[in-house]
Amino acid sequence: MCRTNGAPEPAGTGGTTGTDAAFTALLEDSAEDLYESAPCGYLSTLMDGTIAKINTTLLDWLGLEREAVVGHKRFTDLLTVGGKLYHETHFAPLLRMQGELRGIALDLKRQGHGRLPVLVSAVVKYSTRGEPLLIRVTVFDASDRRSYETELLHRRKEAERAHAEADEARRQAEADRARLADALAVLQRSLVPDSLPDVPGLETAVHYHTAAPDQLGGDFYDLFPVAGDRWAFFLGDVCGKGPEAASLTSLTRYTLRAAAHHDPDPAAALATLNAVLHERYTAGGDPRYCTCVFGIVEPGGEHGPTVVRLASGGHPPALVLRSDGGAEFLHTPGGLLVGVLPDAPISTVETVLAAGDTIVLYTDGLTEARTGPGRDDLYGEDTLLGFGTHLAPAAPGEVITALTGLLDGFGDGLNDDTALLALGVPADTSLIRPATSLPS
């Protein structure tokens, strides 16, 4: 809404005389007062830069007196050293070519050696004949903007530094994990054999799956010769994970080896291990234990049957795949965890392997694997027996290959270490294949 003389009429005044008078009074600033007290700096210079006029606002910002500036200083005298260099190399040449410049960032000198960051706009005034007469310059205080930009730059550098530190920490962590994985792999190999020895009259195969690459597994196995033509073998699972489990695994493995060479009877070997673990840990208030199945095999070759005698301490039963296509568990009822009681009952079982028969030992990582859409079911011994029945007859290498594929199919349902060991009599006893190692 406007009055008849073109001046805007304040909303809601109703055109009253008192309000009109007050509004008119606000607009009675003189042009000189508007120039001198403007919220920005104004100055005019001759073409050589000599200051011909400057407003009070800019003088106050710089702490200068008008008499010392007008006619005595040039615009460049107000600039810092860096500002003078920029003025000579960029500002002045561009202004002469273009006739105007807008929003140029410069620093002005203040009395007391301070500096004032500003944004400068300049325009050349020309005569009617097109001759340059003077330069009009507008100066805006950019202190707050400069502080904001400085803070942004500081924050950006901090963010870049933090990002670089995070990248370095991530690289270091990855390197540490790689070194740890290498060290654990070396230590893990010291706890279980890389491969199995050749056993005359038998085929063998093994597989070891470690659930966590950054932790030592707690499963163990071994196969080695004892007195005569007999061979001892064992497979088990110690409680816990990590270094403590590794220590228990090492003690268990070497105790069983020593016990087997002293007395190759399976029950005697497990009884010795039970006594050692109970004395070393449980009796001292730090109970640790393992499950284990220990066996002695006497290959018969072409001249007789292959006899296997097993003793078990709380371990899942061995699975036998027969050459006629059947499968069965060799149960050893009553066997307790090894190391819990000072005198644990140990049960034994004996079987004969005919040509084409295979015996499979496994840890509970296989039977306790989670299955089903919600990973709510256990694979279980009954399902394993059905798997073996469907697979039989099969040589040790074929059995371990099939079970390895089964483990891979569990995906994230397989969350525990799993060891598999298979021994079998070749269907053709004249063709004795060497031991087979299937590392995880």
Side-chain angles (χ1 to χ4, degrees), residues 191-193 195-197 199 202-209 217-224 226 230-238 249 252-253 256-257 260 266-267 269-270 273 290-299 306-322 327-333 335 337-338 346-353 357-369 379-381 384-385 387-388 391-392 394-404 406-407 416-425 435-440:
L191 299 176
V192 294
S195 60
L196 300 179
V199 181
L202 291 180
E203 291 181 324
T204 62
V206 67
H207 177 79
Y208 192 97
H209 167 80
D219 292 1
F220 59 89
Y221 62 86
D222 208 346
L223 172 66
F224 54 94
V226 289
R230 292 174 295 181
W231 289 75
F233 61 94
F234 58 80
L235 180 142
D237 183 5
V238 304
T249 298
T252 297
R253 184 178 177 215
L256 287 174
R257 270 184 164 262
L270 286 187
L273 176 63
C290 71
T291 67
C292 183
V293 58
F294 185 98
I296 295 292
V297 58
E298 297 182 45
T306 296
V307 179
V308 177
R309 287 181 291 124
L310 294 177
S312 176
H315 199 80
L319 175 65
V320 181
L321 278 63
R322 298 298 183 181
E328 61 181 327
F329 283 123
L330 295 180
H331 290 283
T332 50
L337 296 174
V338 181
I346 299 173
S347 57
T348 60
V349 67
E350 183 175 307
T351 191
V352 174
L353 298 182
D357 288 351
T358 297
I359 184 171
V360 184
L361 278 62
Y362 54 92
T363 55
D364 59 9
L366 170 60
T367 52
E368 293 183 0
Y379 183 70
E381 292 182 0
L384 177 60
L385 180 60
F387 183 87
L391 189 62
E398 297 170 333
V399 174
I400 296 301
T401 298
L403 289 175
T404 301
L406 178 65
L407 295 179
D416 195 7
D417 305 323
T418 305
L420 306 171
L421 175 63
L423 309 173
V425 180
T436 304
S437 175
L438 298 173
S440 176

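Residue numbers run from 1 in the order of the sequence given. In this text the structure is predicted, and so the values were computed from the model without any measurement.
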Taking the side chain as everything from C-beta on, heavy atoms only, tell me whether [X] gets closer than 4.5 Å to [Y].
X: Phe294; Y: Leu273; result: no
X: Val399; Y: Leu420; result: no
X: Val349; Y: His331; result: no
X: Leu337; Y: Thr291; result: yes
X: Trp231; Y: Pro197; result: yes
X: Arg322; Y: Thr358; result: no

### Query
Between Asp237 and Thr363, is any side-chain donor less than 3.5 angstrom from a side-chain acceptor?
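No, Thr363 and Asp237 have no side-chain donor paired with an acceptor closer than 3.5 Å.
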
### Task
State whether the side chain of Asp417 and the backbone N or O of Asp219 hold a donor-acceptor pair below 3.5 Å, judged by distance alone.
no

### Task
Give a yes or no on whether the backbone of Tyr362 and the side-chain of His315 come within a donor-acceptor separation of less than 3.5 Å.
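Yes; at least one donor-acceptor contact below 3.5 Å.
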
Can you name the nearest heavy-atom pair linking [X] to [Y], along with the distance?
X: Val425; Y: Leu202; value: CG2-CD2, 3.9 Å
X: Ala267; Y: Ala311; value: N-CB, 3.7 Å
X: Leu310; Y: Gly295; value: CD2-CA, 3.6 Å
X: Ala232; Y: Ala260; value: CB-CB, 4.3 Å

Roughly how far, to the nearest 0.5 Å, is the [atom2] atom of [Y] from the [atom1] atom of [X]?
X: Leu361; Y: Leu366; atom1: CG; atom2: CG; result: 12.0 Å
X: Ile296; Y: Thr348; atom1: CD1; atom2: OG1; result: 12.5 Å
X: Leu223; Y: Leu235; atom1: CG; atom2: CG; result: 11.5 Å
X: Asp416; Y: Glu368; atom1: CG; atom2: CD; result: 7.0 Å
X: Leu321; Y: Leu385; atom1: CG; atom2: CG; result: 9.0 Å
X: His207; Y: Thr404; atom1: NE2; atom2: OG1; result: 4.0 Å

### Task
Sequence neighbours left out, what passes ring pair (Phe, Tyr, Trp, His ring centres under 6.0 Å) with Tyr379? Give chain and number order.
Phe410

For [X], enumerate each residue passing the side-chain hydrogen bond (donor to acceptor under 3.5 Å, both in side chains) test, keeping only those at least two apart in sequence or located in another chain.
X: Glu298; value: none
X: Thr332; value: Ser312
X: Arg309; value: none
X: Arg257; value: Asp222

### Query
Among Val308, Leu256, Thr204, which residue meets the side chain to side chain contact (heavy atoms under 4.5 Å, CB included) test with Phe233?
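Among Val308, Leu256, Thr204, the one meeting side chain to side chain contact (heavy atoms under 4.5 Å, CB included) with Phe233 is Val308.
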
## Note on the structure
Between Ile359 and the options Leu319, Thr306, Val320, Val297, the side chain to side chain contact (heavy atoms under 4.5 Å, CB included) test singles out Val320

### Query
Partners of Thr249 by side-chain contact (heavy atoms from CB on, under 4.5 Å), sequence neighbours excluded?
Leu191, Phe220, Val238

### Query
Do the ring planes of Tyr221 and Tyr208 sit parallel (below 30°), tilted (30 to 60°) or perpendicular (above 60°)?
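Tilted.
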
### Query
Does the pair Leu421 and Leu196 meet the rule for a side chain to side chain contact (heavy atoms under 4.5 Å, CB included), with working shown?
CA-CA 10 Å; Leu421 175 63; Leu196 300 179; 3.5 Å; yes

